[in-house]
Amino acid sequence: MIEINERQKLFRVAEMVARARAHPAQLSKGQAAEFASIVNAGLVMIQEDQIAFANPELFATWISRYCAKSVSDVWEDLDQTAQELLRTYLLFRKLELPRSATTELFLSLENDCGRSVLARLEKAARLEVRANEPNVPLSSIYFNFCDALPELGYTSADLANYLGPVLAATEHWLPRGKIQGAIERLAEQSQKKAEDLLETFLQRPEQRTVEFAANCLKSLWKFDPGIAHGKAFELTKANLKLLQRIGCIALAWFNYELPSNEKELIATIDRLEELCETNETNLLPTITQACGELLVALPQGSLLQRVQKSFLRLASHKNPDVQSVVAQTLSRRVADLGDIDLLWDTLDCLSSIPARYAGILQELDSTTYRMINHNPKRVAEHLENVVTSRLYGTEGENDRLPDLYKDTVFCLVDKHNSVFEATITRWFSSKDPRLHSAAADLVGHFVREKHHRPLRTIQLDFSELNSLDEGDVQRIICALTGYVEDYKAMASLLISMLSREIVSERVRELIVNALDQVVLYNMPGLEGKYLKDLTQDQDISEYVRQVVTDALDLFGSYSAPLKERPNLKELMPPDSRDHQFQVKIQKQIDSYRESAFNKSGFFSLIPRVPVKYGRSSFSSKDGNAASSAPMKTFRTDIAIPRELLIDPLGHIVKRIKWRRMAVDGLPIESKSPPTNHHDEAGNERDAEKS
């Protein structure tokens, strides 16, 4: 047994090691004589002016006791306690102490210093719940406390009384279930311990710690499956819905081994099906969670099929709480689900989730994102179900597909080019305006994200085009002119239709007129920047070159006279109005930029220096000015469709007509797609021809 004098010396050695943050620690010649007694006792070693503990166990124990004293000294201040604990953890890591040193730390706080770590944890949790935001004191205790809990010797009553606020404060923390896992390990120490904890938690149904009863039942199963199953089964028949939920979860958590536990498993499935039939709103989410647990635990067979049937039925339920549990099950267990058909069927059941349930949609997006590399076509089919199961594109459903399934759409557009092009081709050729709108949203997403792969162009799928009849091809042209907002993308899609094996004269005429009257009329800048350059591309066919040339010729026949006409000064806005417009636009841009800077943790670390008008200097290394030059003015133009400026109402009406014809088809008597230019431009074209 170590005497008091020797304890003080060991404590002194621990202090030297902690302050030096090294083991062994430096020792002066005068100090060597001070520690002679504990050296002779074999507790420490001194070699070459360095002192160290004789074995790792003594090292960990006394460093933990010294640090416990440091934490105890600031115990009354919660923030200082948290900071001291964090410094202690860093010291343990620096000294490469085992995880058991943290347990020694908490035990020393309890036994040597009289400080209740459990009570301090509850206080930190209450503060977090009250403030509704994370705090350092709770996190500084919580994780290491969960690791050490089974060794700290708390009574069942103490745990039941103190851990309720901790459950509430850490409900949405990652990793989930840390404290629940600690209770399970504690209950696994013995059957008596598991039963004692179970009874204590169940006697306090008004406290949140009653939820630990399911963890105790899971541990009790390892000692006596019959007793554990019987207690859980009885809980499902309790009057309190809370106890029923605990019983259902415990039944799903049991590790059923076949054939030895087949009887208990059949009873569990029968009970879950019976509860599912009751349609109890408060109980259905828990039943769904239980079915999800069994899905990944059971082997293939008739019993698993029964659970799958119940799970699929619950997935069709319109209760958002049930849908949320189903989505979470798919997202977290997608790799464990053995039946891939069940996964897709369940996803399709959830395809009509309203956009206001953003959390559920994020879980579904996570699932489809992880599946898209395995089966991109099937993911595209699911996205189609998402579109057709709601009033997509209407005023009440203005959430777009790239927003509903952000990661999935990004991956589809960026990495699965062939499936993406086949999807938009199929959607544009359909008679469903919702699919037309969704396809246009995918095109818009491609345009916005194109900077990742600037050389990539967008086009329709060759195979899909060849499988369509004449009416479907004409429908695509109307859908493109009615929905696509980016005119360069529209031109690329129209031109890609010429890759079809059979292009009728009617379709050729429609494409030429659409390029002329829609694309070039609204965006004249594409004439030289895109289409003329395209005609000089050696990789395109002569047929495509001729179609583009015909469209350019038609456009040139009336655009040249328009360019020669002088601008009427009476129609030009005064400089003051132009200045006001530019100031307004700049304020909008500045507000967007400022918002982005404020919300970004990265940009908040970067200093920003405002640049004034006049001469500017640019610095090289070491702050030396490398050069100076007068600042120059620059101008940016926002391309607005010409017709939207001249006749916005007419522009909208025409797009509506094109969209209607994308559903009903072009009228038989029509020889060209709906014209887009104005009477004045048309008259000038006729004058040029005469």
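In this chain, numbering begins with 1 at the start of the sequence shown.
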Could you walk me through whether Tyr369 and Val409 satisfy the side-chain contact (heavy atoms from CB on, under 4.5 Å) test, starting with their C-alpha distance in whole Å, then the side-chain angles of each, then the deciding distance to 0.1 Å, before giving a yes or no?
CA-CA 8 Å; Tyr369 175 75; Val409 168; over 6 Å; no
Going through the checks in order, is the side-chain contact (heavy atoms from CB on, under 4.5 Å) test met by Leu412 and Ile372?
CA-CA 7 Å; Leu412 176 67; Ile372 192 168; 3.7 Å; yes
Going through the checks in order, is the side-chain contact (heavy atoms from CB on, under 4.5 Å) test met by Asp516 and Tyr558?
CA-CA 10 Å; Asp516 166 35; Tyr558 66 90; 3.3 Å; yes
Apply the test side-chain hydrogen bond (donor to acceptor under 3.5 Å, both in side chains) to residues Ser504 and Glu470: give CA-CA distance (whole Å), side-chain angles for both, the deciding distance (0.1 Å), then the verdict.
CA-CA 8 Å; Ser504 67; Glu470 181 74 11; 2.5 Å; yes
Full working for side-chain hydrogen bond (donor to acceptor under 3.5 Å, both in side chains) between Thr388 and Glu384:
CA-CA 6 Å; Thr388 56; Glu384 184 170 335; 6.0 Å; no
Stepwise side-chain contact (heavy atoms from CB on, under 4.5 Å) test for His651 and Asp647:
CA-CA 6 Å; His651 178 73; Asp647 183 12; 5.9 Å; no
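With Gln323 contributing its side chain and His317 its backbone, the two residues share a donor-acceptor pair below 3.5 Å. Looking at His436, its side chain never comes within 3.5 Å of a backbone N or O of Tyr483 through a donor-acceptor pair. Checked by atom type and distance alone, the side chain of Asp365 pairs as donor or acceptor with a backbone atom of Asp407 at under 3.5 Å. Using modelled atom types, one side-chain atom of Ser492 and one backbone atom of Ile458 make a donor-acceptor pair closer than 3.5 Å. Under a 3.5 Å cut-off, the side chain of Ser389 and the backbone N or O of Ser351 do form a donor-acceptor pair. A donor-acceptor pair is defined here as one N or O able to donate and one able to accept, closer than 3.5 Å; such a pair exists between the side chain of Thr425 and the backbone of Asp461. Side chain of Arg659 to backbone of Ser437: no donor-acceptor contact under 3.5 angstrom is found. Judged by distance alone, the side chain of Ser496 and the main-chain N or O of Leu493 form a donor-acceptor pair under 3.5 Å.
Ring pair Phe420/Phe446 is parallel by interplanar angle, where below 30° counts as parallel and above 60° as perpendicular. Ring orientation note: the planes of His445 and Phe410 are nearly perpendicular, at an angle over 60° on the 30°/60° scale.
There is a side-chain donor-acceptor pair under 3.5 Å between Thr408 and Thr368. Side-chain N/O atoms of Gln362 and Ser366 include no donor and acceptor closer than 3.5 Å.
When each of Leu534, Thr535, Leu554, Val512 is paired with Thr549, the side-chain contact (heavy atoms from CB on, under 4.5 Å) condition holds for Thr535 and for no other. Screening Asp432, Asp441, Asp399 for a side chain to side chain donor-acceptor pair (under 3.5 Å) with Tyr392, the sole residue that qualifies is Asp441. None of Leu404, Val386, Leu350 except one satisfies the side-chain contact (heavy atoms from CB on, under 4.5 Å) rule with Leu364; the exception is Leu350.
Salt bridge status for Glu449 with Arg456: absent, with no side-chain N to carboxylate O gap under 4.0 Å. Look at Arg306 and Glu273 and you find a salt bridge, because one of the NZ, NE, NH1 or NH2 atoms lies within 4.0 Å of a carboxylate O, short of that distance. Ion pair Asp486/Lys488 not flagged as a salt bridge, since none of the NZ, NE, NH1 or NH2 atoms sits closer than 4.0 Å to an Asp/Glu carboxylate oxygen. A salt bridge links Glu293 to Arg333: one of the charged nitrogens lies within less than 4.0 Å of a carboxylate oxygen. Between Arg426 and Glu381 there is no salt bridge, since no side-chain N of the basic residue sits under 4.0 Å from a carboxylate O of the acidic one. With salt bridges taken as basic N to acidic carboxylate O contacts below 4.0 Å, one links Asp550 and Arg508. Taking the charged nitrogens against the carboxylate oxygens, Arg400 and Asp403 have no contact shorter than 4.0 Å, which rules out a salt bridge. Checked for salt-bridge contact, Arg378 and Asp348 meet the test: a charged N lies under 4.0 Å from a carboxylate O.
Once rounded to the nearest 0.5 Å, the distance linking CZ of Arg545 with CG of Leu552 reads 12.0 Å.
Side-chain contact between Leu343 and Thr367: present, with at least one pair of heavy atoms (C-beta onward) separated by less than 4.5 Å.
Smallest separation of non-hydrogen atoms from Ser352 and Cys349: OG-O, 4.5 Å. Considering every non-hydrogen atom in both Ala355 and Leu361, the closest pair reads CA-CD1, 3.7 Å. When all heavy atoms of Pro376 and Val419 are compared, the closest pair comes out as O-CG1, 3.8 Å. In terms of heavy atoms, Ala315 sits closest to Thr346 at CB-CG2, 3.7 Å.
Annotation: cation-pi geometry satisfied between Arg642 and Tyr521 (NZ/CZ under 6.0 angstrom from ring centroid, within 45° of ring axis).
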